[in-house]
Amino acid sequence: MTPTEPAGVQPNAMDALLTDIRACHACAAHLPLGPRPVVQASASARLLLVGQAPSLTVHHTGVPWDDKSGEQLRRWLGIDRATFYDATRVALMPMGYCYPGRGTSGDLPPRKECAALWHHRLLAQMPQVELTLLIGQYAQRHFLGKTARSGVTETVEAFASYAPRFIPLPHPSPRNTGWFKHHPWFESDVLPVLRERVKQALARPQGAAATDMPAASKGRAA
């Protein structure tokens, strides 16, 4: 282990794991466009974003969040594209690594095989992560379990309950424009706290302890 590698992480283990993930064909028979796992991670990442599954655009480019949803997400976080795609600082892990295809009302749900095969192994190689953003119902149900509320709206509204480890978020898809209009508290109450916590996570020196959610956020805890 070199001096820059976090304790407990074996040299080259992350590179080998990412190679295995990107070569995965476990659910190839169920993917209309075939497998193309999309993920970004490193052992030094401080911020982890867990989304749903790659969009059609992302499937073609191979770059996570390389679409309109990603543009909105970066605005929410208050970080530029270069920071977002700096794997040494930011990890991007979907619930399903490949584009699942289209359903009657949008993209199909992420395949369940990915979480079972890869999530625990990937998380074990990222010991420096101090803030995880759970984007959408699938990530929230998986990571929050019984503490998740009855739906995305209720879970996001109770975001302070999951501090300091998690912040649940709605999906930033343009399809959700109506949700944002009907829930103005998301912009006024959640986004300022989100940006501050992201800033703290990315700026904090290695080994420094995470702080609790800022006091201004506690008004929406359920």
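Everything quoted here is computed from the prediction, not taken from an experiment. One-based numbering along the sequence shown.
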Task: ILVMFWY network linking Tyr138 to Leu108, side-chain heavy atoms under 4.5 angstrom - done: no

Task: Spacing of CG belonging to Leu48 relative to CZ belonging to Phe143, to within rounding of 0.5 Å - done: 6.5 Å

Task: Under 3.5 Å donor-acceptor, Glu187 side chain and Phe180 backbone - done: no

TODO: State, to 0.1 Å, how close Pro35 and Cys98 come at their nearest heavy-atom pair, and which atoms those are.
DONE: CA-SG, 3.8 Å

Task: Close side-chain approach of Val156 and Gln140, heavy atoms under 4.5 Å - done: yes

Open item on the list: With a 4.5 Å cut-off on side-chain heavy-atom distances among I, L, V, M, F, W and Y, is there a chain of contacts connecting Leu31 to Ile21?
Closed with: no

TODO: Kindly compute the distance separating CE (Met126) from CG (Leu47), expressed to the nearest 0.5 Å.
DONE: 10.5 Å

Task: Modelled atom types, side-chain donor and acceptor of Thr83 and Asp80, under 3.5 Å - done: yes

TODO: Grab the two heavy atoms, one from Pro94 and one from Ala53, that are nearest each other, plus how far apart they are.
DONE: CB-CA, 4.1 Å

Open item on the list: Which residues pass the ring pair (Phe, Tyr, Trp, His ring centres under 6.0 Å) test with His119, not counting sequence neighbours?
Closed with: Tyr97, His142

Open item on the list: side chain to side chain contact (heavy atoms under 4.5 Å, CB included) for His171 and Ser69? Distances and angles first, verdict last.
Closed with: CA-CA 8 Å; His171 198 283; Ser69 295; 3.6 Å; yes

TODO: Determine, using the 4.5 Å side-chain heavy-atom cutoff (strictly less than), whether Tyr99 and Leu73 are members of one ILVMFWY cluster.
DONE: no

Task: Heavy-atom side-chain proximity of Asp20 to Arg121 below 4.5 angstrom - done: yes

TODO: Look at the side-chain heavy atoms of Ile, Leu, Val, Met, Phe, Trp and Tyr, link any pair under 4.5 Å apart, and say whether Leu92 and Val58 land in one connected group.
DONE: no

Task: Rounded distance [0.5 Å steps], NE2 in His60 versus CG in Asp67 - done: 12.0 Å

TODO: Answer whether the closest heavy-atom distance between the side chains of Val63 and Val38 falls below 4.5 Å.
DONE: no

TODO: For residues Gln128 and Ala43, report the shortest heavy-atom separation together with the two atoms involved.
DONE: CG-O, 3.6 Å

- [ ] Determine yes or no for a side-chain-to-main-chain donor-acceptor pair under 3.5 angstrom, with Arg197 supplying the side chain and Arg195 the backbone.
- [x] no

Task: Heavy-atom donor-acceptor pair, Glu154 side chain to Gly151 backbone, under 3.5 Å - done: yes

Task: Donor-acceptor pair, side chain of Tyr162 and main chain of Thr147, under 3.5 angstrom - done: yes

Open item on the list: Rounded at 0.5 Å granularity, tell me how far CG in Leu191 sits from CD in Glu196.
Closed with: 13.5 Å

TODO: Answer yes or no: is there a donor N or O on one side and an acceptor on the other, between the side chain of Ser44 and the main chain of Thr88, under 3.5 Å?
DONE: yes

Task: Among Leu144, Leu169, Ile167, side chain to side chain contact (heavy atoms under 4.5 Å, CB included) partner for Leu134 - done: Leu144

Task: Same apolar cluster: Leu202 and Leu133, side chain cutoff 4.5 Å - done: yes

- [ ] Taking the side chain as every heavy atom from C-beta outward, state whether Trp179 and Ser173 have any pair of such atoms under 4.5 Å apart.
- [x] no

Open item on the list: Treating Ser42 as the side-chain partner and Ala87 as the backbone partner, does any N or O pair qualify as donor plus acceptor under 3.5 Å?
Closed with: yes

Task: Side chain to side chain, Val129 and Leu123, heavy atoms closer than 4.5 Å - done: no

Task: 4.5 Å side-chain heavy-atom contact, Ser161 and Arg149 - done: yes

Open item on the list: Strictly distance-based, threshold 3.5 Å: is any side-chain N or O of Gln40 a donor or acceptor partner for the main-chain N or O of Phe84?
Closed with: yes

- [ ] Measure the spacing between CG of Leu117 and NZ of Lys112 and express it to the nearest 0.5 Å.
- [x] 14.0 Å

Open item on the list: For a quick test of reading the model, state the closest non-hydrogen atom pair linking Ala13 to Gln125 and the distance between them.
Closed with: CB-OE1, 3.5 Å

Task: Nearest non-hydrogen partners of Pro174 and Thr177, listed with the distance - done: O-OG1, 2.8 Å

Task: Residues Gln137, Thr155; criterion side chain to side chain contact (heavy atoms under 4.5 Å, CB included); working and verdict - done: CA-CA 9 Å; Gln137 62 173 319; Thr155 302; over 6 Å; no

Task: Side-chain (Tyr85) to main-chain (Pro64) donor-acceptor, under 3.5 angstrom - done: yes

Task: Value rounded to 0.5 Å, distance of CZ in Arg111 from SG in Cys27 - done: 5.5 Å

Task: Shortest non-hydrogen separation from Leu131 to Ala201 and the atoms involved - done: CB-CB, 4.2 Å

Task: Asp66 and Arg81 ion-paired at < 4.0 Å - done: yes

Task: Backbone N/O of Arg46 and side chain of Arg89: donor-acceptor pair under 3.5 Å - done: no

Open item on the list: Could you check whether any side-chain heavy atom of Ile135 comes within less than 4.5 Å of a side-chain heavy atom of Trp65, counting everything from C-beta outward?
Closed with: yes

Task: Centroid-centroid distance, Trp185 to Phe159, less than 6.0 Å - done: no

